[in-house]
Every structure is written in structure tokens, then in C-alpha cells.
A.B. asks: 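I'd like to ask some things about the structure below.
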Amino acid sequence: MLGSFGIAVTTISLLLSLSLLYLSYYDLKLSSNRISKKIYKFSFLQILLTFLSFITLIMAYVISDFSLINVYENSHTTKPLFYKISGTWGNHEGSLLLWINILVLFSFLFLILDENKNKNFRLYTLIFQNILISTFLIFLLTNSNPFSLLYPVPTEGMGLNPILQDPALAIHPPLLYVGFVGSSIYFSIALAALITKVDSKSLATTIKPWVSVSWSFQTLGILVGSIWAYYELGWGGFWFWDPVENSSLMPWFLMTALLHSVLVLERRIGLYSWVIILSILTFTMSVVGTFLVRSGILNSVHTFANDPSRGLFILSFLALMVFSSIYIFFKYAPNENKNYKIFSKESFILLNNWFMIFFLAVVLIGTLYPVFLDTLTGQKISVGPPYYNFILAPFLLPLLFLMTSGPKHKWISPEKIGIFNIVLFIAVILFIIIFILIKESSILLLLILLFSTYLITQTIFDFFEKLKNKSINLSRIISHFGFGMLIFSISLNQIFSIEESFNAKVGDERSFKNYTIKFNNLETFSKNNFKSAKGYFEITDNKNSTSQNLTPEIRVYNKPETITYEASINTRLFSDSYLTMSNISSTDVFNIKFQKKPFMNFIWFSVLLISLGGILQFTRFRKKI
Amino acid sequence: MKILLLTIVLFFSNSISYCNENKTYEILKNLRCLVCQGQTISDSNSDFALTIKEVVNDKVKEGLSKKEIYNFLSDKYGDWILFNTPLKANSYFLWFMPYVLFILGGIFLYLVIRKSTEKTKQ
């Protein structure tokens, strides 16, 4: 029932997208300088029906309608309601429908929010956006239909992978998709700007809010995914440079570059073509990311759903998209006047772009090189954290330095600013205090600490300056401060992390450094959809004689049958205690892993600040219009 | 060039400090669990991971260096097991391309800025 309804609704929304394509094209030739009412009406219907198809799928999950293959394969009646709903986008077909919903949402928001722009510019944007929407709808209906029916109707579903049954992972895909798919709108805007020869000021003001909003959501999405990996995967890390994680980071670098370049474009100093290239690349990279995750060519801890035929479709779509963008770009690219002065703000923004593109290149090479090498020569190599840390970490030093001094320079003014000042002096003093406290011997880590302290001190100074002078951009201060804090906290986390792994039976005790861990008790119990063995541990800190209780679990889920290891984490302001246990087969001995993870809260909080800067930028901007 | 030199200096200082850390533990963090999806040996509880943990522990006790242990494991299981990609003919591109790109990007940027400043002088 719901299946046929869903197919009908989705088909109608495809027809609406095609009609919108036709109507927008037809409207281009009309002399009126306003977009015809019909387009508004059709757009409204389009968003209504697209939402409806998504709601239909959610309903099918809520009532466990197993006549839909998709529901049968990914849900189960005993699953809590919350995870029935989030299960909707926990699989390929459902998440593709969410992807399309966001495409349509952005298309609609663009139509109603950017009313004061040139008519043909808006129409072309709608055309490109609807080409994307139609293509993905056709892909959905022909290859990945979430409403495909199953007969005879099974009485029970197969269940959702238990490690996906988690609040963080329920909101992670929607956040990340707003980031990923949000970049589609400036992809369309960029192409439309080329064709209609929009001037740099209005191109900049049109894409700026969209870039800020997608960038903020992308940042939040990455943060939530990282938090999930930290407590759910049970290894106590928050970033593994895993190919799937990299896929979310690559568009982020481009968005960051774009966010800065737009500022130059806005002041008519140059970068017109470059902003267009970045806009096209960002969405391309988002589709590449989707391709990498969905096609299953990558070996990753996050690979949950994949199928080669999808990969083939996305790859063909990608090729088509890239080639037509390149064609449009070279056909319409304008000659522009560039006017960059050394030591002016715009030069520093160019330097920012240089670093962002470099970071992107490193991550792209690291992710794809093993795949190409395997395909071409059959040799399998792994590229892991040591590679990225080794290549990227040294470049953080100049980046942090540029982030500190760049914003102090003026636009179009080649004025040099002295590096030696009170801020640097304070930063160095703070750094010396830190140095005495931590006794770390790695020069690289120490320098990173020094430079991040410098950035943090500078942004705090800027903040007080801002209180006096209203014209300073607060969102920049917050985001840069967040980034400084992030690097600072990660470095300290690296230095102070403790890890101890040992085997123990119930009743055993283990002492190391300042800690004593006692395995007090083991309890087994059954819940609705899993069985669990829960360990009771007491950890005593001998230094200040405090103790805490941690209770890691081993869970055996029944639908589908999976073992998960649930970490027990005690979060304090400055440090997390992290305990996991795992059974050693056919013995009563457990492998216990205890970790001290300092500054985790600071890491999460600083990413939140980075993202907050983007959101502020968006609201500030909307107010100005 | 300065940056490259700096990198090399930093690399050495880095590797010196890491030597002092727990050797077995660091090795296990850099090994891929071959039967898992993208997990390290250190993080995995699979039988394969447990075996490798034993092997590495024994080799460290025998007094083998980190390099010898990595070589021993990659001879047996291939380079796929090593997360810290060794510098070999098949990974020159991987290790050097980023620096080449960074330098090329820098030259390009320099030319763009110089061209633009010359134009405004005229």
C-alpha cells in the first residue's frame, strides 16, 4: 500500500522537476523581469511531494511495513521507535531519498530567498538544480528504489546493524547531507553566473550565505560522526584518516577555501573564475565522496552498504557533470582584472586557498592512490594515520601563523605589519609555562603548541578589540579561535593520552603508573533485542586517591546477529576515562583496555565553535539584505 | 625549500621522541587487521588480531627492532598490513607528490601576485 503510494508520489515529483526545467527554459525568453507565478507554484508542489515521499518512507518504517524490501532489509519490529525512524536514512536507498529532499529544499529556498537577483540568473540556477534533481530521481526510481515491493510479505524484518542504532548516528547523515548537498546550490549558481555574466559583487553576495550554511553543517556533521566513532567503535580515537572520514573532509577543505575567496570577490578585487571553479569542485567532491562510500571500492570501518552498479551510475553522472561544467566554464569564462597586493588581506586569502588545496590534494592522494595502485599493478598497500600526520602536521605551523597575522592586514593595501608585538610576547610566555608543565620532547609538537597558543592569544585580543570597534567580523574571530583551540587540544591529547591493555578474570587487580584497576564483578542479562555481559570495574587514581566505577559491556544483538563492544566512558572537564573489555574465545579471561583521554571535551567544543562562526556569518549576512 | 628542510629536521626530531614510547603498543597501532574493515590490530578483538599481538610481543622480547618486525610482517602478509606506508618504488608518488604540488602551487601563486602587482604599477 505505502509502497505503491510512495512510487506514485516520487514519480509525480520527477514529472514536476521535468516540468520545472521546461517552464524555466520557456520563462527565459519572456520579456517580464519577474519569474512567472507558475514556477513558484510548481516549485511549491515539488517540495511538497518530495517531502511527502520521504514521509511515506518514514511511515513505512514506523508501522514496519515489510512489503517494502527496503524496510524488510533494514528494520525489525522490536527496534525502538527512534531507531525505526532513523533507520530510514541508515541505508543507501533511504539516504538517497534524503539527498534528493535536500536538493529540492535548497532549490526552493533559493527561489524564495534570492528574489532581488537578476531574473535569468535565477532561472538558470533553477534549471541546473532541476537537472541534478531529475537525474537523482531517475537513479532512485530505476536503480535504488526504496519503495520496491516484496511478495510474499515477510512477517519480520532483518534488523539494522546495531552499531548504527545510536542517537549520534541518527543525526549524523542529515547534518552531513545538508553540507554535502547544500553545495549543489552554489554549483548551480556558479554555472548560471557564467552563462548570464553576472558581476562579481552579486555572484559573491548570492553564494556567500549558502557557502556559510553548508560549511557550518558540514563541520557539525563531521563533529557528530567523530563523536560517534569515539564512543561507539571502542578504540578511543576520534579520527582515523579512514577513507570514508576523508570523503567528508575533502569537500570541507574546498568549502573553507571558498568561504574565504568569496570575501575577495565581494570587494571586486578578483577571483571570479576561481570562485566558480571552487564552487564546481565542491559539489563534484561531494559526489565523489558519495561514490567512494556507496560503491564499496574502499576498505573502511564505515562501509555499511555498497553495490557496484550504483558506483557505475554515480561515476557516469560524475563524468558527465565534470565535462559539461568544464565546457560551460571555458565557453563563458570572463577575462578579469586581478589586483592583488603583497601583504594585503587578499594575498593572505590566496595563501589560505593554497593550503586548503594542498590539504585536499594530500587527502585525495592518500585515499585514492592505494585504489589506483591495486587496479593498475595488483599491489596492495595501506595508507593510514602515520602518512597523514607526517605530511600534514608540519604544514600546520605556517597555517596557524597565517591565520594569526592574515586577518590583521588591510584590503588592497600593501602595508607591512610587524610580527613582534605584545600578543606574540604573551603567547611565548604562555608557551614557556606550558613547556615547563608538559616536558615534551618532540619539537614539532612543541612548535604546534606555540603557534596555536599564538593564534588563541591573538583571537582573544581581537575579541576585546571587537567590543570597541563594531566593524570587526566576529564570526572570523570565533572560528579562528576554535581552530586554534582544536589544534592545541589535539596536541595535548596526543601528549597526555595513556593506554594500558591487559588480560584479567573477575576479581583480578592491576596496577600501573598512578592507577589501580579492579575487576569487581560480571553480570549477564537480556534485553529486548540483545544479550549483554557487563563488567564492573573500579579505577583508583593513587595520586589524589579518588576512584570511579566503569561498566563496559559486550553485547550480542539478535537481529542481525552481531557482537558489539560498548565502551564505558567517564567524562570529566579535562580528561575522559575510557574502558573497554572483550572476551577471549573459550576462556573466562577478558582483555581489558583502559585509556586516559585528556581534553576530549575541548576538542568537541572547539569544533562546535568553528561551526558557530559559520552560522553567525550566515545570520549577519541575512540581516544585511 | 626552507619548508622541505624544516620538514626533514622535524621528522628526525619526531622519530627520536617516539622511540622512547612503548614499542609493542606503537607497532600494533600501525598494523591493519586483515580480516576486519579498516581496523588496526591494536583495536581489534578478532582471532587474527590476537595472533598478531602475540607474534609482535614475542618479536619485541627477542629484541628485534621496529623495522625488523615490520619487514617480517610485510614479508609474510604483504604491505597491506602496514598502515605506515613504507617508502618504496611503488609509493614514491604517494610520498613526494604532495610536496611537488605544494611547491608548484606556491610558484603559481607567486606568478599570479607578481603579475597583478606589475600591472597596477604601470
Side-chain angles (χ1 to χ4, degrees), chain A residues 233-237 240 242-244 270 298-303 337-342 347 350-351 353-354 357-358 361-362 365-366 369-370 373 377 379-387 390-391 393-395 397-398 414 440-445 447 499 501 563 565 582-585 591, chain B residues 3-4 6-18 20 22 24-25 28-32 36-40 42-45 47 50 53 74 78-86 88 90-91 93-95 97-99 101-102 105-106 108-110 112-117 119-120:
Chain A
L233 294 181
W235 50 279
F240 191 67
D242 174 277
V244 169
L298 297 172
N299 184 295
S300 150
V301 66
H302 305 280
T303 310
N337 285 324
K338 299 182 190 76
N339 185 15
Y340 316 120
K341 299 267 181 6
I342 298 175
S347 296
L350 290 177
L351 293 177
N353 278 237
W354 180 25
I357 300 299
F358 169 71
V362 173
I365 291 172
Y369 183 75
L373 188 71
T377 66
Q379 299 173 41
K380 278 168 101 69
I381 61 162
S382 293
V383 177
Y387 171 79
F390 175 76
I391 304 245
F395 286 90
L397 300 176
E440 168 65 33
S441 55
S442 155
I443 296 173
L444 179 61
L445 267 176
L447 283 174
E499 179 167 333
S501 171
I563 300 181
Y565 304 93
S582 53
N583 50 323
I584 296 170
S585 40
N591 183 265
Chain B
I3 290 164
L4 252 183
L6 187 71
T7 320
I8 292 162
V9 172
L10 291 172
F11 171 61
F12 280 110
S13 61
N14 231 350
S15 51
I16 292 162
S17 74
Y18 278 85
N20 305 330
N22 190 335
T24 319
Y25 171 62
L28 293 178
K29 283 237 134 168
N30 284 333
L31 298 177
R32 181 193 284 274
C36 320
Q37 288 271 356
Q39 263 184 318
T40 66
S42 158
D43 305 325
S44 171
N45 300 306
D47 289 338
L50 293 177
K53 280 177 191 170
S74 72
D79 287 341
W80 179 238
I81 199 168
L82 303 177
F83 266 127
N84 52 349
T85 329
K88 280 185 184 175
N90 69 9
S91 63
F93 181 88
L94 178 76
W95 282 103
M97 201 55 196
Y99 297 108
L101 287 176
F102 187 77
F108 176 73
L109 204 60
Y110 172 74
V112 166
I113 294 179
R114 203 185 61 172
K115 205 175 145 200
S116 135
T117 43
K119 217 166 41 183
T120 45

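Order of the sequence lines sets the chain letters (A, B, ...), proteins ahead of strands, with each chain counted from 1.
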A.B. asks: Atom CG of A:Asp242 and atom CD of B:Gln39: how far apart are they, to the nearest 0.5 Å?
C.D. replies: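 It comes to 10.5 Å.
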A.B. asks: Decide yes or no for A:Phe240 and B:Thr40: does some side-chain heavy atom of the first lie under 4.5 Å from some side-chain heavy atom of the second?
C.D. replies: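 Of all side-chain heavy-atom pairs linking B:Thr40 with A:Phe240, at least one is under 4.5 Å.
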A.B. asks: Heavy-atom pairs under 4.5 Å with chain A: which of B:Asn90, B:Leu82, B:Ile81 has the most?
C.D. replies: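 Most heavy-atom pairs under 4.5 Å with chain A: B:Asn90.
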A.B. asks: Need one label for B:Ser42: side chain, backbone, both or neither, based on atoms under 4.5 Å from any heavy atom in chain A.
C.D. replies: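 Answer is both: backbone and side chain atoms of B:Ser42 are under 4.5 Å from chain A.
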A.B. asks: At a heavy-atom separation under 4.5 Å, does B:Asn84 approach chain A through its side chain, its backbone, both, or neither?
C.D. replies: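 Both backbone and side chain.
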A.B. asks: Taking every heavy-atom pair that is under 4.5 Å apart, which of A:Gly237, A:Ser582, A:Ala361 has the most such pairs with chain B?
C.D. replies: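 Heavy-atom pairs under 4.5 Å are most numerous for A:Ser582.
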A.B. asks: What are the two closest heavy atoms between B:Leu94 and A:Gly366, and how far apart are they?
C.D. replies: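 Between these two residues, the closest heavy atoms are CD1-CA, 4.0 Å.
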A.B. asks: Under a 4.5 Å heavy-atom cut-off, does chain A meet the side chain of B:Lys88, its backbone, both or neither?
C.D. replies: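 Neither part.
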A.B. asks: For B:Arg32 and A:Lys380, what are the C-alpha separation, side-chain angles and deciding distance, and is it a side chain to side chain contact (heavy atoms under 4.5 Å, CB included)?
C.D. replies: CA-CA 12 Å; B:Arg32 181 193 284 274; A:Lys380 278 168 101 69; over 6 Å; no
A.B. asks: Using non-hydrogen atoms only, which part of A:Ile381 is less than 4.5 Å away from chain B: side chain, backbone, both, or neither?
C.D. replies: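 It is both, since atoms from each part get that close.
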A.B. asks: Between atom CG of A:Leu350 and atom CZ of B:Phe108, what is the distance when rounded to the nearest 0.5 Å?
C.D. replies: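 Between atom CG of A:Leu350 and atom CZ of B:Phe108 there are 9.5 Å.
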A.B. asks: Where does A:Ile563 contact chain B at under 4.5 Å (heavy atoms): side chain, backbone, both or neither?
C.D. replies: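 The answer is neither part of A:Ile563.
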A.B. asks: Taking only residues two or more places apart in sequence, or in another chain, which ones meet A:Phe358 in a ring-ring contact (aromatic ring centres under 6.0 Å, His included)?
C.D. replies: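 Partners of A:Phe358 under the ring-ring contact (aromatic ring centres under 6.0 Å, His included) test: A:Phe395, B:Phe102.
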A.B. asks: Using a cut-off of under 4.5 Å for heavy-atom pairs, which of A:Asn591, A:Ile357, A:Val362, A:Val383 has the most such pairs with chain B?
C.D. replies: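 Maximum pair count with chain B is reached by A:Val383.
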A.B. asks: Decide side chain to side chain contact (heavy atoms under 4.5 Å, CB included) for B:Phe93 and A:Ile365; before the verdict, give the C-alpha distance in whole Å, the side-chain angles of both, and the deciding distance to 0.1 Å.
C.D. replies: CA-CA 9 Å; B:Phe93 181 88; A:Ile365 291 172; 4.3 Å; yes
A.B. asks: Might you work through the side chain to side chain contact (heavy atoms under 4.5 Å, CB included) test for B:Thr85 and A:Ser382, ending with a clear yes or no?
C.D. replies: CA-CA 6 Å; B:Thr85 329; A:Ser382 293; 5.8 Å; no
A.B. asks: For B:Leu109, is it the side chain, the backbone, both or neither that has a heavy atom under 4.5 Å from a heavy atom of chain A?
C.D. replies: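 Interface part for B:Leu109: side chain.
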A.B. asks: Using the ring of each side chain (for Trp, its six-membered ring), is A:Tyr387 parallel, tilted or perpendicular to B:Trp95, with breaks at 30° and 60°?
C.D. replies: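 If you compare the ring of A:Tyr387 with that of B:Trp95, the planes turn out perpendicular.
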